[in-house]
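By convention here, the first residue in the shown sequence is residue 1. Only heavy atoms go into these numbers, but all of them, side chains included; no hydrogens, no water, no symmetry mates.
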Amino acid sequence: MLLSQVRSLTQEERQSARSSAQEAVFRDIGERPQRDQFNHYAARRYPPNVTKLINALCILLLLAAFTPSAIRLYVIGSSTFGAAVPYELAMVAVGIATVLTAEVGQVVFSLALATLGTSKGARRLLYGSMGIATGIALIGNVQVALPGHLESPFAWLEAIAPPLLVLSTAYVLKEQMLEAIELRHANERAYQEAINDWQRATINPEAHNRWMQFYANALRDALRKVNSRKREVLETLSQADWRALVYRELQADDWYATPEAHATPVLVDGGNDGGVVEITRPLAVSVNGNGGQTEAHE
């Protein structure tokens, strides 16, 4: 008897409660994940400061080894080309090209192994190209540095060490780059997984595992609002009473059912067989303009 004193919600009020429940689900799910939230999802093997220091030292060593080797390669490249084509501008261009082919080629092909060397064919091609660039650098340095110093151990070391140091430094930079790529890939994968989970949760809020709880709370709040003048009645309601009221609202929109069409026998002419045949034909149900009475007709 106490529950009958609580006014039910209208269809519009129930729809508003449903919208409120959906908003509560969205708040529970949280905002859309942002990419910058996953920049440090994967942990580095070393602190970022250590990695930056290694990169800076590698670049410094690369420049130190590159300088004497590049000078000798420029000299040998331009002079060798000038012996066949004694054109000064062309000699300068070929000298620069020799430096780029040898020294820069070692670095480029070594770093390319970190990203492009995914197949055996690609790795063989890159290793072969890196070997050619290293060979040009070694032979060019030896040919320029050793004449007149063949018996000097330091001359041999000073001629061979710079190209090899460029190659080994490029290897270190390649490993650093490979680790950075792996970290970025792990961060991106975690971000995409979070986005997919968020989209699955928000595309259908009523599939949320706590949807009925949110909807029941929204219906209870709506009932309290529309029955605000019956505060004494609301204060006496127990938890079981509220469950019954919420269940009443959940069933409120399911009161209507389409009337069933009943079959009735009809006498028709039997045609060639002669006589009269009885068949069944369903009655058509129609609703009058006032939506009240129904009438059946054949």
Undergrad: List the steps and the verdict of side chain to side chain contact (heavy atoms under 4.5 Å, CB included) for K230 and V6.
TA: CA-CA 8 Å; K230 301 178 181 180; V6 180; 6.0 Å; no
Undergrad: May I have all residue pairs that pass side-chain hydrogen bond (donor to acceptor under 3.5 Å, both in side chains) and include part of residues 160-170, sequence neighbours excluded?
TA: none
Undergrad: Any side-chain to backbone donor/acceptor pair from N55 onto K52? Under 3.5 Å, distance only.
TA: no
Undergrad: For R7 and E13, what are the C-alpha separation, side-chain angles and deciding distance, and is it a salt bridge (charged side-chain N to carboxylate O under 4.0 Å, His left out)?
TA: CA-CA 12 Å; R7 183 177 74 81; E13 290 168 344; 3.4 Å; yes
Undergrad: One thing to verify: whether E235 and R224 come together as a salt bridge, which I'm taking to mean a side-chain N less than 4.0 angstrom from a carboxylate O.
TA: no
Undergrad: Under 3.5 Å, is there a donor-acceptor pair linking the side chains of R72 and N141?
TA: yes
Undergrad: Check whether any side-chain N or O of T236 sits under 3.5 Å from a backbone N or O of V233 as a donor-acceptor pair, and report yes or no.
TA: yes
Undergrad: Between N196 and Q192, is there a side-chain donor-acceptor contact under 3.5 Å, judged purely by atom types and distance?
TA: no
Undergrad: Heavy-atom count around Y87 OH within 6.0 Å, excluding the residue itself: above 12?
TA: no
Undergrad: Grab the two heavy atoms, one from C58 and one from L173, that are nearest each other, plus how far apart they are.
TA: CB-CD2, 3.6 Å
Undergrad: Does either side chain, that of Y247 or that of R243, offer a donor lying less than 3.5 Å from an acceptor on the other one?
TA: no
Undergrad: Mind listing the closest non-hydrogen atom pair of E158 and P68 along with its distance?
TA: OE2-CB, 4.2 Å
Undergrad: Under a 3.5 Å distance rule, please check whether R32 uses its side chain to pair with a backbone N or O of I195 as donor and acceptor.
TA: no
Undergrad: Closest approach of W211 and V25, non-hydrogen atoms and distance?
TA: CE3-CG2, 3.8 Å
